[in-house]
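Within every chain, numbering begins at 1; the chains are lettered A, B, ... in the order of the sequence lines, protein sequences first and strands thereafter.
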There are 2 protein chains.
Amino acid sequence: MRHGPDIAPVAALIGDPARAAMLTALMDGCALTAGELAREAGVTAQTASGHLTKMEEAGLLVRRKQGRHRYVALAGDEVGRMLEAMMGVAAASGRTRTRTGPKEPALREARVCYDHLAGGQAVAMLRALIGREEIVEDGEGLTLTDAGAIRFESFGADLPTLRRARRPICRACLDWSERRFHLGGGLGAAVLTELYGRGWVKHEPGTRAVRFSNSGMALFRMPLGSKNRRQFIQVHPNETVP
Amino acid sequence: MRHGPDIAPVAALIGDPARAAMLTALMDGCALTAGELAREAGVTAQTASGHLTKMEEAGLLVRRKQGRHRYVALAGDEVGRMLEAMMGVAAASGRTRTRTGPKEPALREARVCYDHLAGGQAVAMLRALIGREEIVEDGEGLTLTDAGAIRFESFGADLPTLRRARRPICRACLDWSERRFHLGGGLGAAVLTELYGRGWVKHEPGTRAVRFSNSGMALFRMPLGSKNRRQFIQVHPNETVP
DNA sequence: CGGATGCTTCGGCTGCCGCCGAAACGTCGG
DNA sequence: CCGACGTTTCGGCGGCAGCCGAAGCATCCG
């Protein structure tokens, strides 16, 4: 007999192409209006409205009324992580997307996963942190060490506030393009916020991609908040991060 | 406008209640037969067969033919992680069921599978061997390493003779009670023969069950053919061997 | 060899649901 | 107030897909 929550209803919701397109469009963490989502999904406004109602009732979305618009966003990072995991499986299913375009490499390099950084750069960052034991893997989860806490505080993360929040500091989020984990959770979100604030990365409007500035990339690849020259992202010699 | 893999097809598959029940039943990493999954999902065998074909084509499942059964398992831990994430989201309206208990405890513990040992003890043995890299999994099969050859020779296996035989030395055999692999092939048969010869196990007449003697159990759980006290069955509780 | 069991394929039925047209509701600007 | 716009509700249509009965293979067993 089955044990655990019934996943069929939520999966059936995501299984519709129009709804899946809407959810994918919301994966960058930005709120969109119902009309924008309707265009994104290629359906009429009334059809989209029905979809959004169902997904809100299922707890996948939140809607916020503002004037005569109604802004829609993912209900939380848990939804974002679920979608990212589903993308990983969908990518492994061998379904090569014909959506190749020049934006594809940029997406693999760096993008937003709900509220934190994803893509090759994010995976490399977590690997560097683990390599220096500033974050350690224990069992299925990630834990910030004292050395890591010092580094992130000097980078600008407000760790006391993060620790008080209900949300876990570190969360292992599976990256669909790299097939490895990157850093999510409150700390992952804080890093992306800081990257925005410092102007090291810029969000590409209408996509999930983010673009590093030249100086931002150079600084990001040094240890965050440190003044020495040791690379932040320690890449193995045979690997290249453009 | 959408970027990234298309999640709709895989989500639509999971969205069907029957298929979701099957996947949930497979979430513990154990393999089940098509008939068992049909009963689990509450559909007929032919309906379940169609579902399984679709999910295999989508890369969610792997099927392995063995005798007149066909064992089904999740395609990998990535699929398991995705389902777990979906359960987390579905937990808002989820419900739980209890799992079926064991029927025959003695049979589940240890029994004969043709000519080799099966049951919980046999599964634990293979997991320990793999954990110490005395047997390695490569692709579809099992391979005895040099370290493993030394151990089994000191335990009493005649490896040169086994290597000359047409029968493969190691064969991964699916355990019906544990739903995980145990060791079959010529080596598995040799182990059971040696267990009989040493009097560590006795066959229960009229059944397939075998019973360990107290001393035999203690000795079996140490590394075969070794004199130190390291446990032969060293398995972490949450370790999984597909 | 012949019956039993497990799994798959085929064909047809049925119900569900996504879709849109039409129209109502709420908000903003003039 | 009165249109314009964004969003939602209602009703009906159409297609897809899940379901099962029957039949066909494959395998095991006596």
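- As a whole-Å value, the separation of A:Glu57 CD from C:dC17 P is 14 Å.
- Ring pair B:Phe212/B:Phe220 is tilted by interplanar angle, where 30° to 60° counts as tilted.
- Taking every side-chain heavy atom of B:Asp16 into account, D:dG18 is the closest of C:dT9, D:dG18, D:dC20.
- The side-chain heavy atoms of B:Phe152 and B:Ile169, taken from C-beta on, include no pair separated by under 4.5 Å.
- One atom, CG of A:Leu32, and another, P of D:dG6, lie 15 Å apart when rounded to the nearest Å.
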Worked verdict on B:Leu183 versus B:Cys170 for side chain to side chain contact (heavy atoms under 4.5 Å, CB included): CA-CA 7 Å; B:Leu183 179 62; B:Cys170 294; 4.1 Å; yes
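- Atoms CD (A:Glu56) and P (D:dT9) sit 11 Å apart, rounded to a whole Å.
- The phosphate of C:dC17 has neither OP1 nor OP2 within less than 4.0 Å of any side-chain N or O from A:His51.
- Remark: P of C:dT27 and CZ of A:Arg64 are 15 Å apart, rounded to the nearest angstrom.
- A salt bridge does not link A:Arg171 with A:Glu78: none of the charged nitrogens is closer than 4.0 Å to a carboxylate oxygen.
- Checked against C:dG18, C:dT8, D:dC19, the side chain of A:Lys54 finds its nearest nucleotide in C:dG18.
- The one candidate from A:Leu52, A:Leu32, A:Leu23, A:Thr33 that meets the side chain to side chain contact (heavy atoms under 4.5 Å, CB included) condition with A:Val72 is A:Leu52.
- Side-chain N/O atoms of B:His69 include none lying less than 4.0 angstrom from OP1 or OP2 on C:dT5.
- At D:dG18, none of the side-chain N or O atoms of B:Thr47 fall inside 4.0 Å of OP1 or OP2 (strictly under the cut-off).
- When heavy atoms are screened at a 4.0 angstrom cut-off, B:Ala34 is found touching the sugar-phosphate backbone but no base atom.
- At least one side-chain nitrogen or oxygen of B:Arg63 sits closer than 4.0 Å to the OP1 or OP2 atom of C:dT8.
- Atom-to-atom, CG of B:Leu52 to C1' of D:dC19 comes out at 15 Å; the value is rounded to the nearest Å.
- For the pair A:Arg70 and C:dG26, the criterion of a side-chain N or O lying under 4.0 Å from OP1 or OP2 is not met.
- A:Thr44 has a side-chain polar atom (N or O) that falls below the 4.0 Å cut-off from OP1 or OP2 of C:dC20.
- Here C:dC20 presents its P atom at 15 Å from CZ of A:Arg39, a figure rounded to the nearest Å.
- Candidate nucleotides D:dT27, D:dA22, C:dG21 were compared by shortest atom distance to the side chain of B:Gln46, and D:dA22 ranks first.
- At the phosphate of D:dG18, OP1 or OP2 sits under 4.0 Å from a side-chain N or O atom of B:Arg19.
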